[in-house]
Each structure stands twice: as structure tokens, then as C-alpha cells.
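Letters go in sequence order (proteins before strands), and every chain restarts at 1. Values below: all heavy atoms of this structure, side chains included; hydrogens, waters and symmetry mates excluded.
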Amino acid sequence: MNNKKYGITLNITCVIIMLLCSMSSLLAQNTINGTVTNNSGKEIFGVIITAKGINKPIKVDLKGHFTYTTNKMDTLIIIKEGFQKQEIVVNQFSQNIKIKLEENKPFQNNLVLPFGAQINNEFFTGAISGISGNEMEKAHTPNATNSVAGRIPGLYSRADYSDEPGNDGASFYVRGYSSYNYTNDSPNLYVDNVPVSFSQLDPLEIDQLQVLKDGVANGVYGIGGANKSIFVTTKRGEAYNNKINFYSSVVFQKPVALPTFVGSQKYMQLYNEAALNDGLPAKYTQAQIDAYNNGSDPINNPDADWYGDNLKDYSVMQKHNLSISGGNNVVRYFILGGITSQNGLFKNTSANFDKYGYKTQVQFNRYNLRSNFDANITKSLSVFVDLSARIEESTNPDNYSGATSDIISNMAKYPPNLFPVVFSDGTIGGNAQYPNNPYGMITKLGYYKDVNRVTFGNVGFKQVLSSVLKGLSASAAYSFYNSFTDSEGFNSSSPTFAVNSYTNGVLQTVGKDVLPTFTVHSGAQNRIGTFWGKFDYSTIISRDHKLSASLGYSQSKTIPNGADFSYTSVNLFSQEHYQYKDRYLVDLGLSYSTTEVFNSHYGFFPSLGAGWIISKENFMKNLKMVNFLKLRGSYAILGNGDISGSQLSRYLYVNMYNNTGTVYNFGQTTTGANGFAEGALANKDVTWEKMNMANVGIDASLFNNTLGFSLDLFNERRSRILTTPGNISSLVGQTTRQLNIGIVNNHGIDANIWFKREIKDFSYHVSANLSLNANKIIYNAESVKQYAYLNTTGQPVGTVFGLTAIGFYANDADIANSPKSSYQQVKPGDIKYLDRNDDNVIDNNDFAPISKPWEPQTSFGLELGCAYKNFDLSVYFQGSAGYGVDLRSYATYGFTSGSRPSDLMNDRWTPSTAATALYPRLSFDGSNNYQTSTFWAKTTRFIRLKNVEIGYNLTSQSLLRLKIKALRFYLSGLNLATWSNLKIKYIDPEDAQAGISQYPRMESISLGLNIQL
Amino acid sequence: MLNRNIKIFMMKNQIIYILGAVILLAVSCKKDFLSPPTNNLELTPQTIFNDEIRTSGFLANIYANMYNEGIVLNANAWGYSTMCDEVIDPIPNLGQAWVNGSMNSQISSLEDGLGGLYVSQYTRIRRCNLLLKYQDLMTFTSTSKTQFIGETRFLRAFFYFELLKRYGGVPLVTDATDVSSITDISKFEEFKTNVSRASFKRTTDFILADLEAAKNALPWFPATDNDRGRATAAAASALKSRLLLYAASPLFNSSSETDTLISYGDYDVNRWKLAADAAREFFTLNSTNGNAYQLYNSYPNLFTAGKDATNHEIIWYRQNFPYLANVFAPGRAGSPGNFCFDVTANEVDLYETNTGKTITETGTNYDPANPFANRDPRLGYNVVKNGDVFNGFTMQLYNGGADYSARTVTGVFIRKGIPANGNVSGQKWHYIRLAEIYLNLAEAINEYQGPTAEAYAAINATRTRPTVNMPVVIAGFTADQFRTKVQRERSVELAFESQRFFDLRRWRSDDLKNDFRGYVPVLSGSTVTWTNVLIYSNFFDNRMYLYPFPFNETLKSPNLKQNPGY
């Protein structure tokens, strides 16, 4: 009803305006000619000019010229992304006007904070770093978590998942770890204030990804603030900035490098060597080995190329997007539809297509849809309705999730000489010991598919209450997120395929083909419902005093799949911002919040920030080189209320007695009795982990805004970390629930620096960022150890403990004179370890810290960019340092763990190469050599040429005639080169198993097109 | 103006109302929204111990957790037989630490492995303490309550005795430690300081008190067939007999040992009298209860016929503990990958010949060429050797024979407890059976008044069992001679029942120092000859009379005094 009425009102208004316009045109009319340029006088494309009082933008041509006809005083509003908004007053006497738009100054971007708060970065006292969705798009990877590595100071990332389509992604954390409970220490992820991951969003629907790093930035989250947050907002329509964007790209992906394993003859020679080393008889005679020489009998004397015969050289990914955005002062919209389709590397995936109609390629398809609507219902009431939906389909060969890793593993492990990949008649090679031929796994075992459907609705309003009190408004939002994963596939309950091998010319068959059948669907569903509402009040008390304050409430409820209770949180929050003379700044945050595991026991979490914009002081006025200089600091006490565990196990205050089922049978004829037992002792006073966070930062922009930097130093102390104590006497007779006793300190630096220049048509910029952190376990109630070096207390979180390798055993005398290995009977050529406790035995008591944690503690990025006329180029380097990589894999196992030797084994220990050997002797028993030790755990650093993109942009009148506003072509590369201290080209420094027991690390070249209508 | 102010005032009020409403909404839904759905699921001491069936279940769970003292405890582990000279485990295992001298306090599995059971035993004791602590909540049938408490006190005594025989005096925990003594730092320090060992005497007396209480509370024999397996007054009396026999033995009752944590610190012959009295008391009570416990006629079936309702020899046992049957039978008689254990010559040589003389005495019919001929029939019941028919297979345990495997070190394996038909259901593990009480009596009497007629009668009770029928021991022994006789009898009768490991220690026996030998069958032509072969040299040190407290535990509790030598 209201809408209709409003519509009528609107129409009437339009008619009146039109009437007024035409009437005034009859009176004194003045046509104003104007131009809009940037500061240096260059025309800008895409400027939007509106005038107060009319509901239509003024047309601006490509040169920035416009005309405006008026007969009275009017205010023109000039808007252009990346420039400061300008308002110009004109009247019927105005002549030609030249408008120069000021580019957005550094640190003057708008920050979107939790629960709809907004503030200009200039006046904010917290630490926030971010990246735009358009920047993230440059990585051209389907999983958005892969496009932030090294781009944001303070955000650490490790691409430790493989690059398998649909199974990729990076893990990340903000400012390192401040707890040894890893799973409880990953940052909270939010998309439009809803606690969900952004990993499967299309970067083009992301407006900003902001990393909230310090206490003030996370202050309103209270009990959810200690882990820090990654806060993503999606794009919204802008009034009168109507755009239709079409993006299309084709990406060619190929493995960075695949491991190289030895061929048949070498394999057999090495096999004999390993047998000899282990005191076993040689398996192959010289005549047998020689028979593999000429390759004349590929059936009996094969040389299987598992990688070559099963993997293609490259695979293709396609991504297409259409987004429509714009609107007017009443209604604005952003709509995006996208398709991502990524193919895998396997060959022969259509083997069963004719018969059963399915392919077994590794495949990821994603369909993204988003529509964000904003509408002004009345002058004071605006609403938004965001709806998004997504389907993700991940397929892999074989009948279970994760089979790809097993297929790749078998390519690495299976011997080359026993049977061919496939016989000429199509039967598959294999035997009882090696029955899972990768070719068979790809072609014969059906497929597995996960289909994840996500629907996400987010609605809210903002009511300005200036009639009540000027500056007061109320807003609220409700969201519902539903993710449903359905598994399907084509397989049978025990699928198997026949493998054949010839032994002395006789065909042996193992297993038999079992026809696949369609699998029953099985689903899992997660739901999240959130609500928040608040009152905002902002006022300018006097010219010098500005205050804004808010008071709000939020709640969130996650209903997990399966037999578990809901995860809920409740938060009453308040946020204040005060500015004195626009240069002395104070931010205050208060939160009174809890989660479901604390039995309605609430925590109070304060945060306080202060800032000083030095550059606005009078004494700085004469210092022309300093354009902006701000000092800021913050301190907060926040909490972590996430307790892992499902069902009752996360309610730590509950003293549980359990029904243990039938436990003991009494009687001659045995009658069962139901048993009851006491459970772990409750932590009656369970409380949230407490995080004291301090941050000081400096932001500067110098030399006419051509050089700038931000530097943040932080110090955090997390106490009351939930820990199961290991130092309690067993006399208690019962374990305890986790107690709030652990302490970890963490401190570090995030910094970034940038420089940009413009010389006529040429502009370039350089920006670099660096993140460093160091943490230390202060107390974790670990079990008492005999040797101090076994303690994790005092070490960084995740420190790797292991043996210290001190070379190889030279000979039997050396073995006799050395401490005894408790792992196996060692032989010359085995790894010799340091006997740290001098007890003449090498065992786990000799473990000590040997490597940095697996997670990087140093991360950096370097971006170089330039533009000349229509061309632009950006080059992006990214790297990490000071973390551990475990080199143990099928490439280094030799013959142990059922592996086959890689070419690295050319440098194995033999009596004649003892002096230069890089790897231990070949053996079937690796229990001594493959202990966690300095031999395999390597502290690592690397730099990647992550991204290079060359673009060509076209804007011309001729295009405009075709209704095309802009056109861009680009060529982009990802993971083009990597330099690391590991020195083995096929061992990826972020994932040492890539290509060996996981899908390979991929490099890619993208060809893309962007048309803007 | 006034009007406007009123309007603003009202508007402001409106805001307050809205604000209030929102907060009210928040608060009102808060309770439901946050409170975990645990209240109706949570079991508390109140809901357990107020309810007879649940209390009974709580008690059943204590039984369920009793330590499995098997001949062998599990496939790759050990048993008390492998830890002494009864058998050899051909696959190196941690139990060998007891015979190769590497036993120390830091063996990681010591806490619960190697029979150490320190950590898990205090968990069991805590359960007993909990039940006793909450007895006031038990408002149900008072006879049931008495029964539950009696059984629990017996179980606690049993658990402490198992600690006593391994460690000497141990910390006596009589209450369920409250969580606050762990969470509260000052209390925790106090708790840590307080963990210390009671003297051997105090520990013994504590166990004795529990046993007396159980004996008074419980029936002599299970009231109904469905109660079989529950602790009885007989079990309490039998355990008291064993406790006092141990306490009187040289390891704990000696003038040369002054450490009161691991012994009485002096010698008192009267302790033997107490031991003898305890055994006598068992027989007295048994006869007043119509001789409810009697020796079972068939020695070989005693261990396998778990369901035989006429088997009234077993007094205290673990229900449903099969001897794992065929898994432990050698070669074809067992199952693939069987875990059989090689019996030593040391064990075989303990058996007398069927004339009642030992193999080294003059005038025996012992045949060194065929060491298994003319022997105490229990040898044949307890071991299976090359040439025996077992499970339908004639054993070929010589090198190259059909039953020879990597497990074959000697040619003799355990047969006791392995049913030839493979049916293991209903088998029990015997903690205490009547034969032991006779031998306890014989041993104790001899030590304080020499071999009396009562002592001879007691030792002959087990020898005259119908399926054994060994010649009776005839009066005329000195106390020393009788001691040797009764020790042999005990080792043979109770072979592979987790007794000899502890008996050798409490006797401070010289046998602890013997090397391990084995009878190995050698096939030459078509005949098998037995050769006595040294398998490996033994190592024994005085510290190995007792267990070490787990190293970790001594670090956690600075006042927990380690046993000597560790």
C-alpha cells in the first residue's frame, strides 16, 4: 500500500519538476559548459554529475565535457570512484566552469566496520588493512582464499591445500598464532556481517576484504574478538553509475613441476641394491635387467610411465561473469551471475562415457548468483535486501572424496617394471601387491561428486530518527545462511577392477570388474541465522567536538549437521568515536557478550583507541613534504569463546556421568549389566580465553602523496587458554576437562610502504608489505619431562621437535662406537643422530626443537605496476620465510613406505659415494632414517613470482557508438616462478606433497576480456 | 515551544520504549537462546546413586575395568609368564625388560603396561571411593546397599593389594579427589605435596580392614546363579589369606630390610602365624557354609570349562575372560599369525616324575632322552609339545616341521586354558582358586611351626585331585625340605596363572637368577630327540624385586619416594 502511494507521489513529483523545468526554460535560461579533469588537467572518464533537485544525471562525454542548463541556483554533485566528491554551486549567470577533481588521498578511504558502521580511515584509531575484490580477481584462481597471499600486511597465508579443482584453498591467520590450540585460533570470517567464509565468493562480487587486526577494530566482537577477523563486504549499486560488466577468461593450467622417478632398469638395479643393503637376496638377475634394454617387449618388460600416461600436459579453466549495477537515488542494485568451470589433468576420463554416461575427470563447477538491493522507502527509511545463491560441484574419479590424492600417490609409488599401465587389449596392469593401478582408478571406479548449495539472504533497514533527535538513527539486519552438501556418484559398494600381469608368459588376473551402480545421495546441512540491531547517534557538538555513539545487540545461531547442539552467541555492544579539532581521536568499544558454552555467564570486553593527526597541527603546516601523518594506539581486552568439540563435550562446566552400555556380565548364564561411570572432571569455572592486545601504529603520506607507509607494532598476550593439564598426579584417578590455564605471548610488526609517480602518460607504482611475528608459549601445564629440551614451554607455538642428524654411519665400526638406535638395527649409510642426553641410546628422549613451526612467521609481498597510455602492467611477488617444511614424501622415501625411488636417490649413500651422499642408503626399512629429524624438517623461505598481468584498455568514441563504455584485454600469469632454499624444483615450498601424494601445484596463464556497457 | 518540547519528550520516550523493547527481547530470548540442552541429559551423583539399578551399573563398571591378568595379555604384549622363567616370548617385547635387566622407571608403557597398572589402578580406586563417598544417597533397599558397599570395599582392597605386591607401600587414596584441588593453585600445591607413600604396614592394614568389612557384609557364596562373578565373603577371606602370606614372606618380613616403605622393617615369625590363621579361617568358614568351595575333579578342564556349574573351585575370578584360545595354540592348531609362547626347560624341570621325586633325585624313573615321559600328569595338561596331538594335529615343532614357525624357539608351548575345541565362551580368568588356599596354609604353617600333619594334609590336597593322582607327600621332611617341596608344588599347580613371577620375588628365590633354557626337538631320520639348549642368559638385580614408580609420576609428585635402585 505504502509503496503504491509512494509511487504516485514520486510520479507527481516528477511531473511537477518537469513542469517547473519547462516553465523555467521559458524564462531566463543559461547553458553552462563545463569540463571535469583531474588535478593535472587530464580528462577523466566515467564521471557522474547530478544536480540537487533533479533525478537524472548530467551527461558527460569522453573528454569530460558537459553542459547544464539552469535558471536558478543549483548544486552540482560530481562523483567519480577514486576521487573526492565535489559539490559546486552554479546559477543562471555561471559561465564555463572547470572542475578539478582531487584524487582520494591516501588513508582517506571509507572503512566499513562491523554492524554497518562506517568511518573515514583518516579518523580511525585501529589497525585495518584490506584489499579490493577487483584486486583479488587478478589471481584468477577459483578459491578466493588463494588470492590474498602476501597482499595484506598482517595476514599470513600458506597454500597448504593442493591445487586440485574444488579442493584448493589456503589456510591463513592474522598476526600469527596467539594460542597453541590451532583450531581455536584461526581468524573469524564474516561476509556482510554473517560468520561465513568468503572462499567461494567470486572476487568480483567482493567490494572490500578487510583484515581487522587490533583490539579497536575487533572491539565490538567482544567474546569473538580475540582471534581477529577478516571482514568481507559485497558490492552494492551506486546511484547514476549504471554499469554492465562482462568478464570472460580462459585459464590454461599446468603443473609447475612433476617429480621424476626412475625407470624400469634403474628401478631393478636399485631394488637389488636395497635388498643387498638389507641382507636379502637380489631379486633381479643381470639377464632380467638387460632384457629391459631394448623396449621390444612392452608386455613382459614394461617401463610404465605413470605420470605421463595418466596426466595431461595442461588443463583449462573458464570463468565468465556478468554484473549489472547502478540505480538512482531511490533504488540501487548490484547483480552478478558467474560461472566458473575448472577441469582437471587426468587422461582417459571418458572411458565409461559411452557405457554409463559419465566422465571421471577432476572437475569443479561453480555458479554464483548475487543480487544486492538498496531502496529508500521514505526520506528517512532505507532498506536493503541481499540474496545470493551458489552451487559448487566438485567431482573426482573413484568412489570417495579425496581419491585424487590416492591416485597421484600410486603414480609416485607403483613400480615401472612389473606390468604396463594398460595392455594392448585394454586390460589393466597390476598384481596382488599393486592392485590399484592409477589408470584403473581413473577409468574403472566411477566417480564421486559433492554438490554444495548455498543460499544466503540478508535483509535490513535503517531508519533515520532525526525527527526525534538530530543525528539519531536505528538500523537492524537479519540473515539466514543455508549450506547443503549432497554427495552422489557412480560406484558400487565394493568396486573393483581386474588387473593382469604376465609372469613367465602366463597371464595372472587379480580381482574382477564389478559394474558400478549409482550411489545413494547423502546430504549434510549447516544453517546460520544472525540478527543485529542498533541505534546510532552522531552529533557535531561544536566545530571542534564531534561525537558518534552506538548501542546495539547481535546474536548468531549456527545449527550444525548431525547430532549436535546449536552454536550460539549473544552480544550487547557499544561503540563511540570522538574527534577533537579533527586531529585528536578517540575510539571506544564495549561489548557484553557470551556464547552458549558458558551457561549464560557474560563477559565484559573493553577496547580503547587514541589517535593524533600530527599533520593537521599548525606547526606542521610549513612542512610541505608531509601530507599526512597520524599516530595511533589501541589497547583492548577481548575474548575467545570458541570451545571445540561437539555435543556435550564442549560444555566444560558439566560434570558428566556416562552410561557406558553393557559392560560386565554376571552369572553362570551371564546377564549383562548397564554400566555407569564418572566422566572427566568438570571445569566449573570455565571461562573464555582472554586476550590483551596492544597496538601502536603510524600512517604517513609524504612528498605530495607520492610516498607513504604504515607501520604497526603489536603485542598480545593470551591467557586462560583452555588446556588439559599434563602435570597432575595420576592419583586423582580421573582426567579433567580443559582448564583455563595456558598463556601465550605474541608480538610482531606489520608494515607496508608504497611509492607512485606519474610522468605525463606514464605512471608507475611500487608497494611492498612485510609481516613479522614471534610467539612463545609461556605456560601450558605440559607433562613434566626429564630433559628441559623436551619442553614445549618457552618455545614458539608449533615448534617442530625431532632428532638432530649428524651425518651417516660410515661403517660397522662407526656403528659399534656410536649410541644405539632404538628404532632399528642400523647399517652403514643410515642417518646418525645426536645423542642429546648421552645415554648411549637414540630414542625419543633425544628429540629437541629442530625447526620453525610449519606455519610461516614472516610473510611479504612486492607489487610493481605501471601504465602507459592504454597499457598497464603489474608484477607481483610474494613470499614467506622462517617456517618448517617436512621433506618426507614418496620422492624421498626410496623404497620405504612402499615407494619407488625418485631421481633424488641418485645422490643416495653408497660405500663409494659416502663423502658426497645427500640421502641415506636404500632400504626397505625406514624406521631409523625417516624419524622426524633435521634431515627432513627444513626451515624454509621462498619468493614466488605470483602474478604478472598485462592489460590493454580501450575507450573511444567509436566504441561508445557501439554502446561499449570500455574494453579491456589482458594476459595474466599465476605462479610463474618460485625461488626457495629447498633447491628441488618439484618440491613446492608451501606444500611438499604437491604432485607426489597430492594434486600438483599449478601455474597458469589467463587470457581475459572485460567489456563494460 | 512548550508543545514542541513535549513532542520531543514524547519522542524521546518512544525511543526509550523501543530501546527497552529491544533489550527486553534480547533478554527474554537470551535464556532459551543460550542455555545448552544439557540439563535433562546430565547424569549426576544424585541421579546415579539414588537409583538402585544405576548404582548397580556403576559397580558393574568397576568390575568391567578390572585388570586383565591373562597368561598373555594381548597379541604383541607380555604376560607375567614371559616376565619370569615360565615362558619365552620369541618376539622381543617390553616384558623382557624384567629378564634382561633393562627395567627402569622410564619405560613409557610402565604406567599401564608391564603389569605396572599404576595410572589405571588409581582410576579404579577412584570409582570405589566415589561409590563409598555417595553411600548416603543410597536410599533404596538396604540389603542391596550393604551388598554394593561390601563388594566395593572388596574391590578396593583387591586393587590396593595388586599395587602392594608390585610396589610395597603406596599412596593411600580414600576419597575421590575434588576438582578444586587441581584447579585452585594453592590447593594444587598442597595436593602435590601430600602425594606420598604409606608404609608397607599401613597399606597392608588398610587392605585388611577393607577385606574384613567386605567379609562381614557379603554372602559366602553367590546368592543366586545370576550373582556369580560378584565378590563374596569367600573372596575376601581368600584374598586375606594371600595378603597375609605375602606380608609374612621374606621380601616383606625380613630382619635385613629396614625400609618401612617396602617392608615391615623387621622380622616377626608371628606374621606367618597370622597367615596360617587366615587360611585356616577360610576353611572354617567354608565348612560352616556347607563346603561351598571344593576342588574340581578335572585339572585340565578346570581352566576351560567356564560354564560348568559344578566348578566350585574358583573363588575370585574375572568373568568372560577367554584364554584367547586358538590364537595361542602353536602352528596348525592355532590360527594364522598365532601368538604362542615357548615354555622353558626351567618350567618343565619343576614337575616331579610320577614317582613323586624330582628329576634330579636319586631313584627316579626320569629319562633324560625323553624328558616328558613318566612325569607329573599336570605337565601334560599344562604344555603341548612336539609329537602331541592338539586340535587334531600331531605337532611337528622341530625345525622344518609343519608347525614350526618364527615363533618356535623351544618345542614346547602353553596348553593350559586353551580349549582344544576352540570354544572359549564363558571362560573366566582365575584370580584365586581353592588349591591356592591349601598351598598358602601349607607354606605358612611350615614357616612358623614346621611341617605339621596339617601342613602335609594341605599340600596333599592338590596332589590327590582325581586327575592328578600324584603320590602323597609323606611326613619326615625338615622345614627347609618342606619349603622347597611346597614351593615346587605351588609353581606346578599354579603354572601360567600369574603367580610365579610374584612368588619368586616374595621368596627372594635363587631361581630368579637362572638362565633360560629350552627343550628343543631335533629330527634326525624319523626320530625326534630332545636337546636341552641355552636360550638366553638371565639378568637379575635386587631392584627388580619391586616395580619402579613411573618416572613421570615421581616428577609430578616430589614426595613420592621411588623404590630402591631405580
Side-chain angles (χ1 to χ4, degrees), chain A residues 465 467-469 472 474 533 535 551 553 555 557 565 568 570 572 594-600 648 651 654-660 663-671 673-678 681-685 725 727-734 736 739 741 783-786 844-845, chain B residues 8 11-12 14-15 18-19 22-23 26 30-31 33-38 41-45 48 53-54 56-58 60-61 63-64 106 111 118-119 122-123 125-127 130 171 173 176-177 179 182-183 191-192 195 225-230 307 309 319-320 426 551-553 555-557:
Chain A
L465 298 165
S467 55
V468 179
L469 182 64
L472 183 71
F535 290 100
L551 176 65
Y553 167 81
Q555 67 176 42
K557 180 173 197 162
F565 307 126
T568 50
V570 166
L572 205 60
T594 191
T595 66
E596 84 287 357
V597 290
F598 299 115
N599 204 14
S600 296
L648 285 178
Y651 297 93
V654 175
N655 207 9
M656 275 192 305
Y657 277 63
N658 309 312
N659 185 335
T660 59
V663 287
Y664 200 70
N665 295 323
F666 291 106
Q668 190 66 20
T669 49
T670 67
T671 359
N674 245 358
F676 290 89
E678 183 193 38
L681 299 178
N683 176 0
K684 287 285 182 206
D685 307 316
N727 57 358
I728 293 175
S729 165
S730 298
L731 291 197
V732 174
Q734 183 57 273
T736 66
L739 306 177
I741 46 180
S783 63
V784 191
K785 310 268 169 47
Q786 190 185 3
N844 291 11
N845 270 338
Chain B
I8 288 173
M11 289 271 194
K12 276 182 178 167
Q14 237 174 334
I15 291 306
I18 295 171
L19 202 79
V22 168
I23 290 170
K30 183 181 78 184
K31 198 74 195 166
F33 191 72
L34 274 177
S35 66
T38 57
L41 298 173
E42 193 181 348
L43 289 164
T44 63
I48 296 279
I53 290 170
R54 284 187 182 151
S56 165
F58 187 89
N61 192 54
Y63 279 93
Q106 290 190 56
E111 290 182 359
Y118 187 83
V119 172
Y122 279 100
T123 301
I125 289 166
R126 180 186 177 88
R127 290 175 180 174
L130 276 172
V173 181
T177 310
V179 70
I182 301 159
T183 48
F191 170 79
K192 259 169 72 175
V195 173
D225 191 52
N226 278 345
D227 289 322
R228 288 195 74 173
R230 292 193 177 278
K307 277 187 179 164
Q319 291 272 79
N320 303 98
F551 183 72
N552 252 336
E553 295 296 321
L555 290 180
K556 290 176 192 170
S557 314

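A/Y664 places a side-chain N or O within donor-acceptor distance of the main-chain N or O of B/Q319, the cut-off being under 3.5 Å.
In this structure, the portion of A/N658 lying under 4.5 Å from any heavy atom of chain B is its backbone and not its side chain. Of the atoms belonging to A/A474, not a single heavy atom falls under 4.5 Å from chain B. For B/T44, the part lying near chain A is the backbone, with the side chain staying farther off; criterion is any non-hydrogen pair under 4.5 Å. For chain A, no part of B/I125 is nearby; none of its heavy atoms comes within less than 4.5 Å.
Note that CG of A/N659 is 8.0 Å distant from CD1 of B/I48, once rounded to the nearest 0.5 Å.
Two residues are said to be in side-chain contact when any heavy atoms from C-beta on lie closer than 4.5 Å; A/V732 and B/R126 meet this criterion. Side-chain contact check for B/K556 versus A/S730: some heavy-atom pair is nearer than 4.5 Å. Inter-residue side-chain proximity for A/S729 and B/Y122 is flagged as unmet; no heavy-atom pair is nearer than 4.5 Å.
By number of non-hydrogen pairs under 4.5 angstrom with chain B, the leading residue of A/L731, A/I741, A/N727, A/N683 is A/L731. Among the candidates B/V195, B/T123, B/V173, the residue making the largest number of heavy-atom pairs closer than 4.5 Å to chain A is B/T123. The choice from B/T177, B/N61, B/I53 that makes the most heavy-atom pairs within less than 4.5 Å of chain A is B/N61.
Residues passing the ring-ring contact (aromatic ring centres under 6.0 Å, His included) test with A/F676, sequence neighbours excluded: none. Under the salt bridge (Lys or Arg N to Asp or Glu O under 4.0 Å) criterion, B/R54 pairs with no residue at all, not counting sequence neighbours.
Within the cation-pi definition used here (under 6.0 Å to the ring centroid, within 45° of the axis), B/R228 does not qualify as a partner of A/F666.
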Query raised in the report: Run the side-chain contact (heavy atoms from CB on, under 4.5 Å) check on B/L130 and A/Y657 step by step: do they pass?
Result: CA-CA 12 Å; B/L130 276 172; A/Y657 277 63; 3.8 Å; yes
